[in-house]
Amino acid sequence: MKIHTHIVFSTAVALWLVTTWQTAFIAPLTTVLIDALGHSRSHGIPHRIWLTHDWLLSLPIFILPLSWVYTWVPLIHVPLLTALTINAVTLYTHLIADCITGHTFFLTKRIGHTYIEWNNPIANGFFIILGAILVLALGYYKFHLPL
């Protein structure tokens, strides 16, 4: 998936589970960090690396330390459990989207293969629309805002 698709979808799901204003900053920032730190290039071709794309190891190696950092950032400052929840949801929604358009890792072993390209406009559009629907439903059901 494209980065903006990951941002919209992951943030929408994280907002449903942790409805705080900090989620609107932490989820996109974590998504960008997963994407920036989670890819390497070989002969100009980007490849996912296991550090941020592993279903088990990325949580203790990447998400737990990142969550601890977020507890100390003055503008964001959230409890560790809240930051951990937001980051875990962001990570796993990112991995779900990556499973649809490529592969992820399980204990550093590459798993998955699909025929949908990462820049497929239908797949990206579907997840962006799904994220937008989640945000609209969040406003309606949790905040009782009229549609």
Q | CD1 on I86 to CD1 on I76, rounded to 0.5 Å | A | 9.0 Å
Q: Nearest 0.5 Å please: distance from the CD1 atom of I26 over to the OG1 atom of T20.
A: 6.5 Å
(Q) When you measure from the side chain of N120 to the backbone of I116, do you find a donor-acceptor pair of N or O atoms at a distance under 3.5 Å? (A) no
Q: Indicate the atoms forming the closest heavy-atom contact of H103 with G112, along with that distance.
A: CB-O, 3.5 Å
Q | Pairwise distance CD1(I63) to CD1(I34) - rounded to 0.5 angstrom | A | 5.0 Å
Q) Any link between L138 and I7 through a network of hydrophobic side chains (Ile, Leu, Val, Met, Phe, Trp, Tyr) touching at under 4.5 Å? A) no
**Q.** Check: T31 main-chain N/O paired with D35 side-chain donor or acceptor under 3.5 Å
**A.** no
Q: Indicate the ring-plane relationship of H39 and H53, choosing parallel, tilted or perpendicular according to the 30° and 60° boundaries.
A: perpendicular
Q) Can you tell me how far CG of L91 sits from OG of S67, rounded to the nearest 0.5 angstrom? A) 10.0 Å
Q) Out of N87, T90, T93, which residue meets the side-chain hydrogen bond (donor to acceptor under 3.5 Å, both in side chains) rule with S10? A) T93
(Q) Ignoring hydrogens, what is the shortest heavy-atom contact between A88 and L59? Give both atom names and the distance. (A) CB-CD1, 4.0 Å
**Q.** Flag side-chain contact, heavy atom, 4.5 Å: F105 against I111
**A.** no
Q | Sequence neighbours excluded - side chain to side chain donor-acceptor pair (under 3.5 Å) pairs with any residue from residues 69-81 | A | T30-Y70
**Q.** Close side-chain approach of L29 and F25, heavy atoms under 4.5 Å
**A.** no
(Q) Side-chain heavy atoms nearer than 4.5 Å, only ILVMFWY residues, links allowed to pass through others: does that put L130 and I100 together? (A) yes
(Q) Tell me whether I49 shares a hydrophobic cluster with V32, the cluster being built from Ile, Leu, Val, Met, Phe, Trp, Tyr side chains joined at under 4.5 Å. (A) no
Q: For D54 and L107, indicate whether the former's side chain and the latter's backbone hold a donor-acceptor pair under 3.5 Å.
A: yes
(Q) Testing the basics here: between G131 and A12, what is the closest heavy-atom pair and its distance to 0.1 Å? (A) O-CB, 3.3 Å
Q) Nearest 0.5 Å, what's the CZ-NE2 distance between F127 and H4? A) 13.0 Å
Q. Any sub-3.5 Å donor-acceptor pair from T23's side-chain atoms to V18's backbone N or O?
A. yes
Q.
Keeping N119 on the side-chain end and N124 on the backbone end, is there a donor-acceptor pair under 3.5 Å?
A. no
(Q) When you measure from the side chain of W68 to the backbone of L80, do you find a donor-acceptor pair of N or O atoms at a distance under 3.5 Å? (A) no
Q: Check the angle between the aromatic planes of H6 and H94 and answer parallel, tilted or perpendicular using the 30° and 60° thresholds.
A: parallel
(Q) Quick one, F9 and I129 - any side-chain contact, counting heavy atoms below 4.5 Å? (A) no
Q) Is it true that a side-chain atom of T5 and a backbone atom of M1 form a donor plus acceptor pair closer than 3.5 Å? A) no
Q. Do you reckon L37 sits in the same ILVMFWY cluster as V69, going by side-chain contacts under 4.5 Å, direct or chained?
A. yes
Q) In terms of hydrophobic clustering (I, L, V, M, F, W, Y; side-chain heavy atoms under 4.5 Å; direct or indirect links), are Y140 and V13 co-clustered? A) yes
Q.
Would you compute the distance between atom CZ of F62 and atom OG1 of T52 and round it to the nearest 0.5 angstrom?
A. 6.0 Å
Q.
Check whether T11 reaches the backbone of V8 with its side chain - one donor and one acceptor, N or O, closer than 3.5 Å.
A. no
Q) Going through the distances and angles, do D98 and T104 end up as a side-chain hydrogen bond (donor to acceptor under 3.5 Å, both in side chains)? A) CA-CA 7 Å; D98 279 351; T104 56; over 6 Å; no
